[in-house]
Amino acid sequence: PSEIGQLSSLTELIFDNNKLNGTLPFEIGKLSLLKGLEFGYTQLSGTLQSQIGKLNSLRYLFLYRNKLSGTLPSEIGELNSLIYLFLNRNQFSGTLPSEIGKLSSLRELNLHNNKLNGSL
């Protein structure tokens, strides 16, 4: 729900392994203290919106095994604290944004089973 953006002290949001559907709420971008965002094994669809880049404290982003599609936003490169990025088993397409190279803290990147193309 859109009210999720009002949880200003939230540091982790985990809805792993549920039957949630719909899109990732736009208001998640307001959660500036969020360190962990996990929606694995759910049924989320739609795109990964540019608001994701506002989560400067985010250390892990797990959106694996969903029905997310479209291109990865360039704003993903603004997640300076990100250590783990798991977007595997979705339907992302297009090229990998060059901004992903700005993620200097990144230790694990998992993008398998998508529809990405182009060169590395």
Undergrad: Once rounded to the nearest 0.5 Å, what's the spacing between atom CG of L68 and atom OG of S93?
TA: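 Answer rounded to 0.5 Å: 11.5 Å.
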Undergrad: Do you know the tightest heavy-atom contact between T95 and G118?
TA: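 Looks like CG2-CA, 4.1 Å.
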Undergrad: Show me the side-chain donor-acceptor pairs of residues 50-61 shorter than 3.5 Å, one per line, residues at least two apart or across chains.
TA:
unit_1 : atom_1 : unit_2 : atom_2 : d
S57    : OG     : S32    : O      : 3.1
Y60    : OH     : E12    : OE2    : 2.6

Undergrad: Rounded to the nearest 0.5 Å, how far does CG of N17 lie from CD of E38?
TA: 10.0 Å
Undergrad: Is N66 reaching over with its side chain to a backbone N or O of N90, donor-acceptor style, under 3.5 angstrom?
TA: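 No.
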Undergrad: How about N88 and N113: do any of their side-chain heavy atoms sit closer than 4.5 Å?
TA: no
Undergrad: Taking all atoms of both residues into account, what is the closest heavy-atom pair of L63 and L48, and its distance?
TA: CD1-CD1, 3.7 Å
Undergrad: Are T23 and L44 close enough, and set up right, to give a side chain to side chain contact (heavy atoms under 4.5 Å, CB included), and what steps lead you there?
TA: CA-CA 5 Å; T23 60; L44 292 180; over 6 Å; no
Undergrad: May I ask you to decide if G40's main-chain N or O and D16's side chain share a donor-acceptor pair within less than 3.5 Å?
TA: yes
Undergrad: Among residues at least two apart in sequence or on other chains, which ones pass side-chain contact (heavy atoms from CB on, under 4.5 Å) with Q49?
TA: F26, T47
Undergrad: Check the orientation of F62 and Y84. Use parallel for under 30°, tilted for 30 to 60°, and perpendicular for over 60°.
TA: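 Rings of F62 and Y84: tilted, as their planes differ by 30° to 60°.
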Undergrad: If you measure from CG on L82 to OG on S105, what distance do you get to the nearest 0.5 Å?
TA: 8.5 Å
Undergrad: What is the distance from atom CD of E99 to atom CD of E75, rounded to the nearest 0.5 Å?
TA: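 Going from the CD atom of E99 to the CD atom of E75 covers 8.0 Å.
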Undergrad: Are L106 and L72 joined in one hydrophobic group, where the rule is that I, L, V, M, F, W and Y side chains link up if heavy atoms are under 4.5 Å apart?
TA: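 Yes; L72 is reachable from L106 via cluster members.
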Undergrad: Apply side chain to side chain contact (heavy atoms under 4.5 Å, CB included) to Y64 and N110, showing your working.
TA: CA-CA 9 Å; Y64 53 87; N110 190 336; over 6 Å; no
Undergrad: Let me check something: do L103 and I83 share a hydrophobic cluster, defined by ILVMFWY side-chain heavy atoms less than 4.5 Å apart, either directly or through other members?
TA: no
Undergrad: Verify side chain to side chain contact (heavy atoms under 4.5 Å, CB included) between L116 and L87, making sure each step is shown before the conclusion.
TA: CA-CA 11 Å; L116 297 169; L87 302 177; over 6 Å; no
Undergrad: Would you call T11 and L34 a side-chain contact if the rule is heavy atoms closer than 4.5 Å?
TA: no
Undergrad: Determine the minimum heavy-atom distance between L20 and F39, stating which atoms define it.
TA: CD1-CE2, 4.0 Å
Undergrad: Please round to the nearest 0.5 Å and tell me the distance separating atom CD of Q43 and atom NZ of K19.
TA: 7.5 Å
Undergrad: Shared ILVMFWY cluster between F15 and L85, side chains joined below 4.5 angstrom?
TA: yes
Undergrad: Let me confirm one number: the NZ-CD distance from K30 to Q6, rounded to the nearest 0.5 Å.
TA: 7.5 Å
Undergrad: Is F86 reachable from I14 through a run of I, L, V, M, F, W or Y residues, each pair having side-chain heavy atoms under 4.5 Å apart?
TA: yes
Undergrad: For a 4.5 angstrom cut-off between non-hydrogen side-chain atoms, does I100 reach L109?
TA: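 Result yes, sub-4.5 Å side-chain heavy-atom pair found.
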Undergrad: If hydrophobic clusters are built from ILVMFWY residues whose side chains come within less than 4.5 Å, do L37 and L111 share one?
TA: yes
